[in-house]
Amino acid sequence: MTTEHRLDVCNNFQRIGVCDTFTFAGVANRNQVGEWQADIPAGGVEFNGGASISDVDSIIVWDVTAPEPVIVTAGTLKPTGSVDTGVVTTHGPNGIRWQLSGVDLFGILGQRLAYPNPATEAPWSVAYDSRTGPASTVAAGYIADNLGAFALPARQIAGVSVVDSGVGATTTWTARLQPLSTLVTSICNAAEIVCLPRMVTPGLIEFVFTVGADRTAQTVISEHDLTGNIKITEAQARATHVIAGGSGETTARTFATASSGESGLDRIESFYDVSTLTGADAVDLAAAGSLSESKAETAVEFDTLLPRQWRYRKHFEIGDTVTVEAGATRYPAMVDAVAFTINPSRSTVRPILGRTTNNEAAQIMRTLWGSTARFNSNIA
């Protein structure tokens, strides 16, 4: 059996043990915390020195087929929000096994709050940390000042840096004790940019802000790549008329409205509380962003068998736009997440396509409908 992948168990992303037998499964999401799980037999781990499973707080998965090994993904066992993390030890007839679970590198942002004044600990003399600039610059600044190089020493996470290319429209955001991950998610989604956490060298984490690449000409997923299931999820609009409330009290409060023009039974009203935002432009953007996230959508998810030569980050990356080919028709679709299934001898890194509009989804399904029987598909 050829070894193609290696899993390192780590402390602060520094290797303290190597696994020669493991299974790893995880999902990395666009601008959201991803999750992973690893199953490891105790006899399949060679620890360094006196290290043990209780010292493990992070993992790194490597592709060792290249002349120089490449990090495929990495994650931490530190809890973030409502995500359960940790180590479960199972004793059975086949010995001891460890099930590790955690969050991906984006989850590190969830370990910090966005302070009203990142230069000091509580209490603060200012109410908000308000910033204006290109969306990526605003988000990058919040990261750098709350856990990066410019954070208070006790709040810094060693090895974290940001790569800001100044993308996204100029915007204003206000921070006051939100989880940093939630704040960065909101900024990036509103500006339609992507925050990609990357680790090239163990312990060095970059948060790269970019705009997804257009790979519609190079990366084409056709009906012949289907291996089984086509899952269609139709979601009705959660709101068609959004009122956002910014800073201020009662009649002095700043309000903005975003509507898709529906009336009668099709008008669904929603209030979006963004009391930390100051300025009419910022509240306008918040209302428009909430309306966009609430629209009626259909998710079309395919189980695909990608060509062996396709490589993650070379042929597709989170936030990129690829092509779905159905019959003679091609449709653009965004890579909304990436799913990993990895063991020492094999890996599958599968793009999960994001939601599309109802009309586009209907066109895709009408074209594919006649093909599903050939692939023994289950339409759900």
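Computed from a predicted structure; not experimentally measured.
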Is there a donor-acceptor contact under 3.5 Å from the side chain of T240 to the main chain of D266? yes
Check whether more than 12 heavy atoms from other residues, nucleotides or ligands sit under 6.0 Å from atom CZ of F150, and answer yes or no. no
N343 side-chain N/O to F22 backbone N/O, donor-acceptor pair under 3.5 Å: no
Taking L196 as the starting point, is it possible to reach V322 by hopping between hydrophobic residues whose side chains are less than 4.5 Å apart? yes
According to side-chain hydrogen bond (donor to acceptor under 3.5 Å, both in side chains), does anything in residues 176-196 pair up with another residue at least two apart or in another chain? List the pairs. N31-N189
Do K78 and Q111 have side chains that get closer than 4.5 Å, going by heavy atoms? yes
Under the side chain to side chain contact (heavy atoms under 4.5 Å, CB included) test against W62, which residue among V18, D8, T73, I342 passes? D8
Donor on one side chain, acceptor on other, Q99 and T90, under 3.5 Å: yes
Does F340 reach the side chain of W36, with side-chain heavy atoms less than 4.5 Å apart? no
So, taking the atom named OG1 in T201 and the one named CD in E206, what distance separates them when rounded to the nearest 0.5 Å? 8.5 Å
Enter the distance from S290:OG to D273:CG here, rounded to the nearest 0.5 Å. 11.0 Å
Under 4.0 Å between a side-chain nitrogen and a carboxylate oxygen: does that hold for D145 and R131? yes
On a heavy-atom basis, which atom in A74 and which in F13 lie closest, and how many Å separate them? CB-CE2, 4.2 Å
Specify the closest pair of heavy atoms between V211 and V167, including all atoms of both residues, with the distance to one decimal. CG2-CB, 3.9 Å
For a quick test of reading the model, state the closest non-hydrogen atom pair linking C188 to C195 and the distance between them. SG-CB, 3.9 Å
Over all atoms of both residues, closest heavy-atom pair of A135 and T171: CA-CG2, 3.9 Å
Give the intermediate values and the outcome of side-chain contact (heavy atoms from CB on, under 4.5 Å) for residues I53 and L100. CA-CA 10 Å; I53 192 66; L100 284 63; 4.3 Å; yes
Do L183 and V274 sit in one hydrophobic cluster, given that two such residues count as connected whenever their side-chain heavy atoms are within less than 4.5 Å of each other, even indirectly? yes
Could you check E121 against L152 for side-chain contact (heavy atoms from CB on, under 4.5 Å), going step by step and ending with a plain yes or no? CA-CA 8 Å; E121 294 283 2; L152 293 170; 3.8 Å; yes
Starting from L180, can I reach Y128 by hopping between I/L/V/M/F/W/Y residues whose side chains sit under 4.5 Å apart? no
Please find the pair of heavy atoms, one from F24 and one from I59, that lie closest to each other, and give the distance. CE1-CD1, 3.7 Å
Should the pair R215 and F316 be classed as cation-pi, given the thresholds of under 6.0 Å to the six-membered ring centre and 45° from the axis? no
salt_bridge(E317, R198) N-O dist < 4.0 Å: yes
Min side-chain heavy-atom separation S275-S247 under 4.5 Å: no
Here the gap from L147 atom CG to R112 atom CZ, rounded to the nearest 0.5 Å, amounts to 6.0 Å
Aromatic ring centroids of Y115 and W124 under 6.0 Å? yes
Does N48 use its side chain to pair, donor to acceptor, with the backbone of R15 at less than 3.5 Å? yes
Taking the side chain as every heavy atom from C-beta outward, state whether V45 and V9 have any pair of such atoms under 4.5 Å apart. yes
Same apolar cluster (I L V M F W Y, side chains within < 4.5 Å links), I157/L113: no
Using modelled atom types and a 3.5 Å cut-off, is there a donor and acceptor pairing between side-chain atoms of R350 and backbone atoms of V338? no
Under 3.5 Å donor-acceptor, N12 side chain and Q14 backbone: no
Go through H5 and L7 one step at a time and tell me if the side-chain contact (heavy atoms from CB on, under 4.5 Å) criterion holds. CA-CA 7 Å; H5 300 89; L7 188 149; over 6 Å; no
Any side-chain hydrogen bond (donor to acceptor under 3.5 Å, both in side chains) involving residues 146-166? Give me the pairs, sequence neighbours left out, ordered by first then second residue. S136-D164, T137-D164, N146-R155
Is it the case that the side chain of S58 and the backbone of T76 share a donor-acceptor pair, with hydrogens and angles ignored and the cut-off at 3.5 Å? no
Quick one, S101 with L77, criterion side-chain contact (heavy atoms from CB on, under 4.5 Å). Give me CA distance, side-chain angles, the key distance, then yes/no. CA-CA 6 Å; S101 59; L77 278 73; over 6 Å; no
Over 60° means perpendicular and under 30° means parallel, so tell me whether F271 and F255 are parallel, tilted or perpendicular. tilted
Do D104 and E35 make a side-chain contact, defined as non-hydrogen atoms from C-beta onward lying under 4.5 Å apart? no
Are V87 and V56 packed together at the side-chain level, in the sense that at least one heavy-atom pair is separated by less than 4.5 angstrom? no
Just wondering, do I71 and V61 contact through their side chains at under 4.5 Å, heavy atoms? no
Should D129 and Y142 count as side-chain neighbours, where that means a heavy-atom distance under 4.5 Å? yes
Roughly how far apart are D20 CG and I40 CD1, rounded to 0.5 Å? 10.5 Å
Can you tell me how far the CD atom of E46 sits from the SG atom of C19, to the nearest 0.5 Å? 10.5 Å
Keeping the roles fixed (side chain from N29, backbone from Q32), state whether a donor-acceptor pair exists under 3.5 Å. no
Common cluster, L285/I187, ILVMFWY with side-chain heavy-atom separation under 4.5 Å: no
If you compare all heavy atoms of D57 against all heavy atoms of N11, which two are closest, and at what distance to 0.1 Å? OD1-CA, 3.1 Å
Could you give the distance from CD (E269) to NE2 (H241), rounded to the nearest 0.5 Å? 5.5 Å
